[in-house]
Amino acid sequence: KRHRFWETQPVGQFKDIGDPSLPEGPIEPPTPLSEVKQEPYNLPNLYEWNTCDINSEETCNEVYTLLANNYVEDDENMFRFNYSKEFLRWALQPPGYFKSWHIGVRVKSSKKLVAFITGVPARIRVRDEVVTMAEINFLCVHKKLRSKRLAPVMIKEVTRRVHLENIWQAAYTAGVILPTPIATCQYWHRSLNPKKLIDVGFSRLGARMTMSRTIKLYKLPESTVTAGFRKMEIHDIPAVTRLIRNYLSQFFVAPDFDENDAEHWLLPKENVIDSFLVESPETHEITDFCSFYTLPSTILGNQNYTTLKAAYSYYNVSTKTPLLQLMNDALIVAKRNDYDVFNALDVMQNETFLKELKFGPGDGKLHYYLYNYRIRQALKPSGLGLVLL
Ligand SMILES: COc1cccc(CC(=N)NC(=O)c2cccnc2OC2CCNCC2)c1
């Protein structure tokens, strides 16, 4: 397939796959800051760049509405991600974030927000090298402006603004294949409210299965089973940071969280992220951790329901409690909080629990990419310790 834009970018090219002469690491060296393009790229005449202040209620509303109406849909166009405003403020303001990386495109005349792309800084370890990267996300062009080739200029503009902060690598995911995935992950779903999932067409009644048999199949206990299982609290940050740093060290690509990062990314936030840990009742040691984020989807075209309440597996660490039991407790909490479905990728050690906990495979894949960083060969999903929002 021709990738007119990506063939011009410092990313692994399909033609280079398996070429042992190409070293692992940055593809292009940094540019002296004085040589980075100082002014924004040109947009088509009717449009202008506009840095979005996500802390402004009005602007946050505009970003929320643009995404709610125009962001990613499933392959059958039955669902569309419906990131909440509080989720967007969380996702876009980690420690060290740059407001200039929250980039909007507006119609000059009406000032209507018609496109958006974001970056946030993250320290990501690749093998044994920690690289400060931009995590690129929320690339969205209004449905009425598609195939005007806006995406390439938006990607070049966010790249330029990242370069101005002396950062030369990036990480991103996509449901489509671009040059060149560092890993291709399968997503899985665990029904929590099978009746609603079947009614809205997310799931189908299994062959030779009745609805009551299906409800029984996915039934979960009211309470968690692990002694010492509780919500994470602010005083747990040092212990949880130690636990997750140690756990993530086994993966080829993973975030290099410090306590500041852990406070932002892992502390519970209502309707955004839920995180739990196991504190040994005897020793008070923190031995395990699990977390999921809240990303509802709008249900397109169903009479009875408008929203699918979905939990997405985030970072999970098991050192004493079996991962299977830990994740089952996460399912129990999600069900108790009225989530309809619990989603997970087959990254990290997730494949050890997916089938046993009655996850079913989704109908798509999520591809992970690095910008300006070559790795010798693609990773298995179990080598990936990075979850993007
Ligand atoms: C159920 O509603 C949907 C609405 C839009 C798209 C999809 C399918 C899909 N594309 N799912 C994922 O990408 C996905 C499935 C499991 C776990 N994380 C995921 O994506 C995350 C991470 C990447 N950015 C979007 C959220 C489903």
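Position 1 is the first residue of the sequence, and the numbers go up from there. Computed from heavy atoms alone, side chains included, the values below leave out hydrogens, waters and symmetry copies. Order of listing sets the numbers, starting from 1, for every ligand and every atom in it.
- Contacts between Phe81 and ligand 1, counted as non-hydrogen atom pairs separated by less than 4.0 Å, involve both the backbone and the side chain.
- Under the 4.0 angstrom criterion for non-hydrogen atoms, Tyr368 is not in contact with ligand 1.
- The nearest protein atom to atom 3 (C) of ligand 1, hydrogens excluded, is given as Ser297 OG, 3.5 Å; this is a heavy-atom distance.
- For Trp101 and Phe116, the ring centers are positioned 6.0 Å apart or more.
- The six-membered or imidazole ring of Tyr312 lies away from that of Phe342, with a centre-to-centre distance of 6.0 Å or more.
- Atoms of ligand 1 found under 4.0 Å from any heavy atom of Thr173, numbered from 1 in the order shown, are 23 (C).
- Relative to the ring axis of Tyr41, Lys37 places its NZ or CZ within 45° and under 6.0 Å from the centre.
- The closest donor-acceptor contact from the side chain of Ser110 to the backbone of Lys112 lies under 3.5 Å.
- In this model, a donor atom of one side chain and an acceptor atom of the other lie less than 3.5 Å apart for Asn55 and Gln93.
- Residue contacts with ligand 1 for Val387 are absent, since no atom lies close enough (heavy atoms, distance under 4.0 Å).
- With sequence neighbours excluded, the residues that form a side-chain contact (heavy atoms from CB on, under 4.5 Å) with Thr319 are Leu243, Thr287, Asp288, Val317.
- Heavy atoms of Leu389 approach ligand 1 to within less than 4.0 angstrom.
- Protein heavy atom at the shortest distance from atom 19 (C) of ligand 1 is Tyr312 CE2, 3.7 Å.
- Among all protein heavy atoms, the one lying closest to atom 27 (C) of ligand 1 is Asp74 CB, 3.9 Å.
- Residue-level proximity to ligand 1 for Phe202 is carried by the side chain, the only part with a heavy atom below 4.0 angstrom.
- For ligand 1, the atoms lying closer than 4.0 Å to a non-hydrogen atom of Tyr293 are 21 (C), 22 (C), 26 (C).
- If you check which protein heavy atom lies closest to atom 8 (C) of ligand 1, you get Tyr187 OH, 3.5 Å.
- Atoms of ligand 1 found under 4.0 Å from any heavy atom of Leu388 (numbered from 1 in listed order, with element): 22 (C).
- Interface of Glu73 with ligand 1, defined as ligand atoms under 4.0 Å from a residue heavy atom, comprises 5 (C), 6 (C).
- Here the heavy atom of the protein found nearest to atom 13 (O) of ligand 1 is Leu366 CD1, 3.7 Å.
- The number of heavy-atom neighbours closer than 6.0 Å to NZ of Lys269, taken from other residues, nucleotides and ligands shown, is above 12.
- For atom 26 (C) of ligand 1, the nearest non-hydrogen atom of the protein is Tyr83 OH, 3.5 Å.
- Of the possible donor and acceptor atoms, one in the side chain of Ser84 sits under 3.5 Å from a partner among the backbone N and O of Phe87.
- In this structure, His102 has its ring center under 6.0 Å from that of Tyr97.
- For Tyr315 and Tyr247, the ring centers sit 6.0 Å or farther from each other.
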